[in-house]
Amino acid sequence: MDRRRPRAVGIPGTLWRLQNGFITRGGDIERAKKFVATHTLPEGTFGLAELDDQLYVFGSAETAPAGLPPDIQYQRLQAEIPGGTSEMSYDMRRIYDVKDFDGKLYVVAGYENGSVHHYYDGTVISDWDTLAEETSSFGTVAQRLTRMINDNPAVLARHAGRRVFIEAKVPGVDFTLTTQTASGDTPSSAPTAVITILRANVVAVAEAKASGTIQVTGGSVGPGNQISALTVNGASIISAPVLWSSSDEHTANVLSIAINNGASVHGYDATVAGDTVTITAAEGLGATANGWVVAATVEGTAAVGTTNMSGGVTTVNPVAKLAQVEIGGDTFGENYMWRITLNGIRYPTTGRASRVALSVLVHKQRIWAPIAHRIQYSKLNDPTNWSDATASSGAGYIGVSTQTNGKVDLLGAAEYNGKVAFFARSTVVIYTLAADAQNIQFAQALENTGTLAAGSIVSYGANDVYYLDMSGVRSLRSRDGYDAAFASDIGNAIDPYIQELLGDTEDLEVGRAKSIVEGRDGRFFMAIGDQIVVLSYFPTSKITAWSYLDVGAPVDEIVRTTQDVYLRSGNTIYTYGGADRRAYPDDEEFPVVVETPFLSAQDPASMKQLRSYDHAASNVWKVEVLVDPNDETKTVEVGRLDGVTYGREAAWMPGYVGVFAMRYTCDTAGYASLSSTATHFQGGEKQ
């Protein structure tokens, strides 16, 4: 797929669309296998992880929920605050990250009360609570709430100090806002979250023009029987008297014409219905014209009745609601809970959780955890110890803000070219890390690139990292001849499509984007919402090809074992290719769709008479021709062709076009491929 240019002038040799398929090492189009529902999970489990080719889910219940499939492992992750109130619910809410350290799972889990904890082998790491307490504050609570609220597509949130500012993205569209606080300790004072409406929501109001009427009620033919003057608000709207003629209806029609003839001067319009003329005020007056007097002067036998101007409504431009929530309390408590509920969606955090890392990296015999402007690291070979301050082997942190130009709020990390790249939303900092903490060295900072989702960051080979940036899929790789990194354009061809996909996907789902490199062919999978964007990269074949899989349901988790790819959507686990790794879609299921850009045979100005079509393929493909780049609904069906058609009588292709595009669809059960196509045409005169 290549979306760098408009479809009408697309790049020959590329595709406009490749849905539910891949490009193979040989350059053929191949149908993707289907995701087969292999496990149904009971309520009360979260996440999906792999350890030693076994699948794990997590929960806070003491025992595994009834109905858990026997080949799915369950790990309980629970921590409790002494003296916690009913608001301090420790029911699990989500899994943020899972890594394998020395054959055991290191997990970051979040709970309904907003707390976040780190676990190793199912046991909470209390050192992280101490770390978080040292750096948390009212300001960090506001910062974390802001980040969570920005997942809501209705608003834009920002913070300053302890204040959270929430503004509607669409002016005139209101949002509901409530707050709640609680304490998990015996407090000297309670936490507070005070709402102030800084700018009220104002709904748009369209202008309605005021109008009045004049009704002709009598008269007779003869000199002097006339409407000699007609005014609105004292201003004349006819330039000469209008004689009564023939009938009241005819006279009203003549009067409306007289009013409209002067519209460019006085600004009023007139319409007539029977014997009544409706006079409409000029645009922009709105309610100002209400009550203006419509006055007529008549002579002789002419008679009229009038109504004054009314019904005008002044335009009201919409205004975006802006609210402030100030986080506070007489004292700061690490176990205090603050919760903002926006449009019915709850965003909670505790004081401690506002400074707990949500993602981790295993590297050089330690756990590395990016959080805000720090990189925390555990003791060597001990992921539970974050407090031992021994210089070389103990725990500690790296202060990143001294190495970058501007504020850094780190989200995630990946190994890169023997180093580690740590990602914020708009900055990447690269360090050479070492088992001996005294040998840690700063390597480089990249500005104006970063990630929207920590889970999207994945190492690709030994010297590259792919990640989701606001501009699309980006890559880090070594400059030729230099030991440095830069943001390359691996996703350049697909960027417009990714940007469109991000615009159509809720921010919450974008923030949960996940990437893997599948094991059988080494393809890069990035799940965003209900789609998986795929890169087939085979350098020796000179193939760098993008496509996508339309899963049809939000992808919550995607993991890879040695050979298999699993995804979780809701409480269902799907296996790519099924249990035997060979399952292809059934009839009318998971169709593969291939579309080209519009083709011109290097001569777009010449009309062409389409003649016939052939291809080399497997399975049955429906072949269509798109004949109008201005209207892609205009298609001509060539037919449903089975197998290789070369050597047979070619399929007939009617049409007389300047440019045309091809669409190929296979919705018949089983494997399918498309290897070559031939469109026969006869050139014509240039237009």
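Residue numbers run from 1 in the order of the sequence given.
Residue pairs meeting the side-chain hydrogen bond (donor to acceptor under 3.5 Å, both in side chains) criterion with at least one member in residues 62-71, sequence neighbours excluded, are His39-Asp71.
The closest side-chain heavy-atom distance from Val465 to Phe423 is below 4.5 Å. In this structure, the side chains of Ile573 and Leu48 come closer than 4.5 Å at one or more pairs of heavy atoms. Contact annotation: the side chain of Thr45 approaches that of Leu68 to within less than 4.5 Å [non-hydrogen atoms, C-beta and beyond].
Checking side-chain atoms of Ser354 against main-chain N and O of Gly351 turns up a donor-acceptor pair under 3.5 Å.
Looking at Arg477 and Asn463, their side chains never bring a donor and an acceptor atom within 3.5 Å of each other. Looking at Tyr467 and Thr449, their side chains do bring a donor and an acceptor atom within 3.5 Å of each other. Inspection of the Thr123 and Asp121 side chains reveals no N or O donor paired with an N or O acceptor under 3.5 Å.
Contact check on Arg366 versus Asp382 returns no salt bridge, with no Lys/Arg side-chain nitrogen under 4.0 Å from an Asp/Glu carboxylate oxygen. Under a 4.0 Å N-O distance rule, the pair Arg355/Glu134 does not qualify as a salt bridge. Contact check on Arg568 versus Asp556 returns no salt bridge, with no Lys/Arg side-chain nitrogen under 4.0 Å from an Asp/Glu carboxylate oxygen. Electrostatic pairing of Lys364 and Asp436 does not count as a salt bridge here, judged by no charged N lying under 4.0 Å from a carboxylate O. A salt bridge does not link Arg512 with Glu557: every distance from a Lys NZ or Arg NE/NH1/NH2 to an Asp or Glu carboxylate oxygen is 4.0 Å or more.
Taking every heavy atom of both residues into account, Val98 and Ala49 meet most closely at CG1-CB, 3.6 Å.
Using the six-membered ring where Trp is involved, Phe138 and Trp338 have ring planes that are perpendicular, over 60° apart on the 30 and 60° scheme. Using cut-offs of 30° and 60° for the angle between ring planes, the Phe58 and Tyr56 rings count as parallel.
A cation-pi arrangement, defined by a distance under 6.0 Å to the six-membered ring centre and an angle within 45 degrees of its axis, is present between Lys321 and Phe175. Annotation: cation-pi geometry not satisfied between Arg93 and Tyr111 (NZ/CZ under 6.0 angstrom from ring centroid, within 45° of ring axis).
The side chain to side chain donor-acceptor pair (under 3.5 Å) check on Gln499 picks up nothing, with sequence neighbours excluded. For Asp52, there are no side chain to side chain donor-acceptor pair (under 3.5 Å) partners, not counting sequence neighbours. By the side chain to side chain donor-acceptor pair (under 3.5 Å) test, Tyr96 pairs with Arg144, sequence neighbours left out. Under the rule for a side chain to side chain donor-acceptor pair (under 3.5 Å), the partners of Trp128 that lie at least two apart in sequence or sit in another chain are Tyr106, His118.
Considering Thr451, Leu361, Leu468 in turn, Thr451 is the only one that fulfils the side chain to side chain contact (heavy atoms under 4.5 Å, CB included) rule with Ile457.
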Counting only pairs under 3.5 Å, give me each side-chain donor-acceptor contact of residues 154-164, with atom names and distances, residues two or more places apart or in other chains.
none

